[in-house]
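Contents: one structure, followed by commentary.
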Amino acid sequence: MSVQSEIKKVTTHRLSEMKLRGEKIAMLTAYDYSMASLVDEAGIDVVLVGDSASNVMAGHETTLPITLDQMIYHGVSVVRAVKRALVVVDLPFGTYQGNSREALSSAIRIMKETAADAVKLEGGAEIIESVNRILSAGIPIMGHLGLMPQSIHKYGTYTVRAKEEAEAEKLISDARLLEEAGCFAIVLEKIPAKLGKIIADELKIPVIGIGAGGGVDGQVLVIHDLLGITQQFSPRFLRRYHNLAAEIKGAVGNYIQDVKTTDFPNEKEQY
Ligand code: KIV
């Protein structure tokens, strides 16, 4: 048997089994082949091709400008690399909110052109028609509630969501709605830990948090934040596991110096 055929691919079913047995789900973003290979080989459960690519890859202020074609480009690169993890691709802003037919055709393009395993959408009751239509085509959906960066112009701030009772109640009812519709998991972003736990305890599907506390079924971070490549962004929920920005700048600085001093290339580094 080849090594490749021994790899057991993570499925949506496997994620629900993990929740059942209390095993936490580890999810990270990736947007390109090289990073996705590393993250997958390290054993991550879910790779998210997030629309945060708009920020960390393209340098936009928000996630709004990224297009469906650009998400597909990132998705194709990631899927080509990943052998084990479940790959989820974000549907970008403007491709699913207004019209459920357009939502379905956006989701179908992602599934056909990237060969990803699922799509992720932001929102609850407002987008339930789109959710139902996409699910009816057999496309698995990961929901996304709480802070929804595609709605940043509505909120006006990236602060913690659902601190007030009315918003917390709406969030709980949206989470129920997404589960009843048939979503296989939900991401909860930047909400009080207590609320995250209430929702994770109530829902049967896995609830994956980013700034939603430790009481949920798994965690997700943006890989560039975790590795310390992004330097300005430091919300309370972010644990940095490396200071790669300093290491990269140090390595590049050494290279520049070696070129300038003619130390590089040396005798052994040429033909
Ligand atoms: O786009 C993204 O990276 C996300 C995560 C923050 C959950 O949606």
Look at the side-chain heavy atoms of Ile, Leu, Val, Met, Phe, Trp and Tyr, link any pair under 4.5 Å apart, and say whether Met27 and Val79 land in one connected group. yes
Let me confirm one number: the OG1-CZ distance from Thr12 to Phe184, rounded to the nearest 0.5 Å. 6.5 Å
Apply side-chain contact (heavy atoms from CB on, under 4.5 Å) to the pair Ile191 and Leu147, showing each step before the final yes or no. CA-CA 7 Å; Ile191 61 163; Leu147 176 65; over 6 Å; no
Does the distance from a Lys or Arg side-chain N to an Asp or Glu carboxylate O, for Arg14 and Asp45, drop under 4.0 Å? no
Steps toward side-chain contact (heavy atoms from CB on, under 4.5 Å) verdict (Val78, Tyr33): CA-CA 5 Å; Val78 167; Tyr33 179 88; over 6 Å; no
Kindly determine whether Met148 and Tyr155 satisfy side-chain contact (heavy atoms from CB on, under 4.5 Å), including the steps that lead there. CA-CA 9 Å; Met148 295 177 280; Tyr155 306 134; 3.3 Å; yes
Heavy atoms of Val49 and Gly75 approach each other most closely as CG1-N, 3.9 Å
Would you sort out whether His224 and Phe233 count as a ring pair (Phe, Tyr, Trp, His ring centres under 6.0 Å), showing the intermediate values? CA-CA 10 Å; His224 290 65; Phe233 185 65; over 10 Å; no
Inspect the contact between Glu202 and Arg176 and indicate whether a charged nitrogen and a carboxylate oxygen are less than 4.0 angstrom apart. yes
Determine whether the side chains of Gln150 and Tyr96 contain a donor N or O and an acceptor N or O closer than 3.5 Å. yes
Among side-chain atoms of Tyr31 and Ser52, is any donor-acceptor pair under 3.5 angstrom? yes
Do the charged groups of Asp51 and Lys120 touch, with an N to O distance under 4.0 Å? no
I need the Ile205 CD1 to Ile199 CD1 distance, nearest 0.5 Å. 10.5 Å
Under the side-chain contact (heavy atoms from CB on, under 4.5 Å) rule, what do Met35 and Leu227 come out as? Steps first, then yes or no, please. CA-CA 11 Å; Met35 191 68 86; Leu227 293 175; 3.8 Å; yes
Any salt bridge linking Arg101 with Glu129? Criterion: basic side-chain nitrogen under 4.0 Å from a carboxylate oxygen. no
May I ask you to decide whether Glu179 forms a salt bridge with Lys204, counting only side-chain N to carboxylate O separations under 4.0 Å? no
Sole residue of Glu189, Glu167, Glu122 in salt bridge (charged side-chain N to carboxylate O under 4.0 Å, His left out) with Arg161: Glu167
Of all heavy-atom pairs linking Arg240 and Gln231, the shortest is NH2-O, 3.9 Å
